[in-house]
S.K.: 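My questions all concern the structure below.
Lettering follows sequence order; numbering is per chain, from 1.
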Amino acid sequence: FSLLSLAVNVDLQTDGTLQVDISDALSERDKVKFTVHTKSTLPSFKQNEFSVVRQHEEFIWLHDSFVENEEYAGYIIPPAPPRPDFDASREKLQKLGEGEGSMTKEEFTKMKQELEAEYLAIFKKTVAMHEVFLCRVAAHPVLRKDLNFHVFLEYNQDLSVRGKNKKEKLEDFFKNVVKSADGVLVAGVKDVDDFFEHEKTFLLEYHNRVKDASAKSDRMIRSHKSAADDINRIASTLYTLGTQDSTDVCKFFLKVSELFEKTRKIEARVAADEDLKLADLLKYYLRESQAAKDLLYRRGRALVDYENANKALDKARAKNKDVLQAETTQQICCQKFEKISESAKQELIDFKTRRVAAFRKNLVELAELELKHAKVTSPHLLLVKN
Amino acid sequence: MTAMKTRAAVIRPNGGRGSHDRPGASRLGPASHRREKMAAERDPPPPGDAGQARFGEAEDGEDLFVGAVGALESNPSSPEPASLPAEDISANSNGPKLVDSFLDDDPDDLFAEATEEVSLDSPEREPILSDGPSPAITPIMAPRIDSTLFDQALEEEEDNGDTFDICISVSDPEKVGDGMNAYMAYKVTTKTSLSVFSQNELSVRRRFSDFLGLHSKLASKYMHSGYIVPPAPEKSIVGMTKVKVGKEDSSSTEFVEKRRSALERYLMRTVKHPVMLKDPNVLQFLESSELPRAVSTQALSGAGILRMVNKAADAVNKMTIKMNESDAWFEEKQQQFENLDAQFRKLHASVESLVCHRKELSLNTASFAKSAAMLGNSEDHTALSRALSQLAEMEEKMEQLHMDQAYADFYLFAELLGDYVRLLTAVKGVFDQRMKTWSKWQDAQLMLQRKREAEAKLQYANKPDKLQQAKDEIKEEIVEWEGKVQQGERDFEQISKTIRKELGRFEKERVKDFKSVIIKYLESLVQTQQQLIKYWEAFLPEAKAIA
């Protein structure tokens with residue numbers, strides 16, 4: 001499953017010095033084990049090529065460590081990959097197993113194949129998401145040097161990262177609440193810099209709309225898949241009708257059944273392509289735009305801190321008390337703010353470039369695939385008609 | 001035998017139908033004789049003589065013809081047009097002959113009788129089934145008639161042109177009245193070159209209960225003889241109420257459209273049946289501008305009647321009849337139809353689900369299109385923004401496309417399947433009728449047995465005075481029951497034959513119907529795909545233009 005076919009990974013400046021990919025993955029009962037493979041000429045690594053096995057929780061740990069690191073406040077942290085979710089697929093497989101008695105053998109095998117293909121598709125997607133995350137980190141000039149990242153890539157023992165327990169999850173929850181409240185506050189502060197002000201409004205609106213579009217595209221694709229499932233059922237019923245005996249009627253039914261089978265395959269493929277090119281694209285940019293918003297939030301926070309520090313300094317100067325302390329605080333805030341601003345600007349510009357390129361690539365590919373499918377279907381249909 | 005043939009030949013060219021108002025006989029013609037025999041009411045002439053006797057009457061009947069026709073016309077309760085040509089008669093011969101058709105007010109005339117007799121007495125039944133000159137004249141007729149008549153028959157056939165040259169359309173649904181008493185009136189247009197009809201193009205207005213009335217009349221007339229009567233569309237309280245109340249939304253227009261197309265298919269299917277086509281009820285339905293209001297349709301719909309019949313039949317079956325199926329063909333067919341029924345139901349359900357999902361898809365595509373447009377608006381990179389708006393527009397068009405496809409799926413396929421599910425119920429009903437007929441026959445045989453035993457007992461009894469009377473009585477009864485047994489056997493054979501024919505027709509029609517629907521469906525699919533190609537091709541350069 002080549003990385004390039006994934007929607008989102010475009011224009012990453014991969015140079016030879018650090019290349020990361022997921023060469024293998026194993027799906028066990030309730031977890032997935034990814035084999036992370038690294039090729040590097042950087043001196044900081046002991047070898048030039050090596051692999052380790054990682055699980056989803058370790059990816060999350062890495063992501064969180066970036067977020068919590070003050071040094072990286074000025075960068076868009078690549079969004080964490082979503083948790084591998086095979087529940088829906090597993091449920092369907094289970095239901096199929098239970099209903100085995102009530103359908104014919106052909107139907108059962110067909111549906112089983114379907115579900116297995118679906119399972120495989122979900123599996124591939126989750127592998128791709130994890131891979132993209134790593135590649136983004138590897139391509140980022142600053143993040144790629146992160147120590148945790150290197151440990152992640154190289155340390156071939158288990159990182160002993162456990163998932164958050166209930167207490168920690170609760171803490172996280174509260175932290176998020178506070179953060180969003182704060183975010184609203186911070187966003188209300190008008191920015192002196194036009195560029196950032198514009199970006200703020202833009203990102204907010206964009207993020208919401210991407211969310212909406214993502215949800216709607218998911219629904220659309222689900223309907224498409226249901227329709228394909230129905231066609232599948234029709235095809236198998238027709239097949240049963242056709243195999244009852246060998247009269248002309250039945251031969252006719254068999255032919256029609258074949259037709260429906262083909263139609264279904266194509267519809268399913270169309271739905272899958274839409275899913276890949278459109279829905280995944282939107283989902284990814286939903287997460288990225290959130291990450292960009294987070295960046296802006298951090299900057300905003302820093303700005304507010306800076307302004308507060310200024311005010312505090314003025315007050316201190318006026319009272320002539322703790323002036324030095326206030327000055328140092330103010331200095332720190334100023335530095336922090338300026339550092340963030342500088343890198344943020346570049347990050348946001350990069351974000352836009354990446355986004356435009358990704359959309360372009362995917363929309364073009366989507367159109368080409370759809371055309372291909374439609375062109376293939378027509379002759380099929382004409383053939384069967386005659 | 002020859003006498004009968006000639007007799008048949010003679011009467012035919014007169015055309016018209018005769019009703020023999022013999023004194024003492026019921027208004028129902030001589031055909032009723034056999035029916036009444038079944039009912040064990042009258043003195044029937046012995047079966048062997050029956051033909052003769054009746055033909056004796058026929059001599060008089062010829063003269064009565066003119067009078068009879070007159071009587072017919074003035075007869076208020078049988079408003080059939082008197083202009084029906086001879087073919088009707090032959091067609092009807094297989095019809096309302098058998099038991100329980102008290103509702104049959106067709107004066108089956110002697111001519112029909114003759115045909116019936118002739119055919120059944122004939123040892124060669126196979127040639128009848130294998131082919132006939134044309135569907136309009138029942139094949140039974142054909143081999144029996146001597147050449148002159150045969151040619152004549154053919155000529156009349158040719159006059160009618162291709163029997164299937166009849167096209168019925170139901171259109172212009174119009175709401176009549178207001179509130180809960182409102183109803184939809186449909187215009188029924190018949191275009192035909194058949195001489196059965198008085199004009200080449202007829203148009204009448206009918207309402208839904210008229211259709212149901214027609215079906216119930218046909219069902220009660222023909223189902224017992226083993227004919228597969230096309231079922232009428234279902235009643236729908238919810239749908240109609242919405243229409244009555246005047247809710248002008250897409251679901252009620254959809255409902256009306258669905259019903260209109262179902263009614264059209266129903267009528268076409270009915271007239272395609274050679275026997276039904278000649279039925280006076282059908283003709284009246286298509287021709288006369290005023291139709292007596294069908295009252296019994298309030299409670300029962302066509303499907304309801306069928307269901308009741310089937311339920312009754314099932315109950316009977318479960319209780320007593322274990323039919324000795326001597327005919328493997330029937331056994332096989334019955335099994336086949338059971339399977340077919342199950343599969344069709346499944347298919348119907350799947351197709352309906354498909355229609356539902358397509359509609360859903362179309363809705364979701366529409367909302368996605370709006371969402372994409374919004375996204376395009378907020379995107380500040382101009383080229384990308386334009387491309388996204390294009391995408392949105394295109395998705396909107398696709399939504400329309402999907403919707404159209406959904407309707408194609410729906411009207412073409414799902415409705416046809418629904419019709420066939422109902423038709424299969426009718427077919428099952430027909431099989432049950434056959435079973436009922438068989439059991440009647442068996443019962444008659446049993447009774448005959450008993451009567452014979454009683455006679456034998458009397459023979460050895462020692463009561464000479466009452467003996468003669470009793471013996472005479474018993475003799476009469478025996479004769480009666482012998483007749484019934486024979487009749488039962490004949491009926492059974494008849495219904496079996498009819499069913500065979502009907503099933504053959506059904507299979508052919510089924511293939512034709514499905515083929516035409518599937519081809520239309522394919523064409524619509526092809527069109528959809530081509531439209532899709534156009535849309536995507538238009539979009540591609542926009543996408544590529546994102547810089």
S.K.: Between chain B and each of Leu366(A), Val210(A), Thr237(A), Ile231(A), count heavy-atom pairs under 4.5 Å; write down the option with the most.
M.R.: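 Highest number of pairs under 4.5 Å: Thr237(A).
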
S.K.: Please determine if Asp212(A) and Arg209(A) form a salt bridge, counting it only when a charged side-chain N lies under 4.0 Å from a carboxylate O.
M.R.: no

S.K.: Given heavy-atom pairs under 4.5 angstrom as the criterion, report whether the side chain, backbone, both or neither of Phe202(A) touches chain B.
M.R.: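 Looking at Phe202(A), just its side chain touches chain B.
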
S.K.: With a 4.5 angstrom heavy-atom cut-off, is it the side chain or the backbone of Phe344(B) that approaches chain A, or both, or neither?
M.R.: side chain

S.K.: If the threshold is 4.0 Å, N to carboxylate O, is there a salt bridge linking Asp230(A) and Arg358(B)?
M.R.: no

S.K.: How many angstroms lie between atom OH of Tyr420(B) and atom CZ of Phe506(B), to the nearest 0.5 angstrom?
M.R.: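 Going from the OH atom of Tyr420(B) to the CZ atom of Phe506(B) covers 5.5 Å.
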
S.K.: Side chain, backbone, both or neither: which part of Leu278(A) has a non-hydrogen atom closer than 4.5 Å to chain B?
M.R.: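 The side chain, not the backbone.
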
S.K.: As an exercise: rank Glu360(B), Met374(B), Glu542(B) by heavy-atom pairs under 4.5 Å with chain A and give me the winner.
M.R.: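 Most heavy-atom pairs under 4.5 Å with chain A: Met374(B).
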
S.K.: Would Arg355(A) and Glu288(A) pass as an ion pair if we require N to O under 4.0 Å?
M.R.: no

S.K.: Can you tell which of Cys356(B), Ala349(B), Ser371(B) has the highest number of heavy-atom pairs within less than 4.5 Å of chain A?
M.R.: Ser371(B)

S.K.: How close do Leu361(B) and Ser223(A) get, heavy atom to heavy atom, and via which atoms?
M.R.: CA-CB, 3.5 Å

S.K.: Quick one: do Asp513(B) and Arg510(B) make a salt bridge, cutoff under 4.0 Å?
M.R.: no

S.K.: Hey, which of Leu363(B), Asn364(B), Leu391(B) has the most heavy atom pairs under 4.5 Å with chain A?
M.R.: Asn364(B)

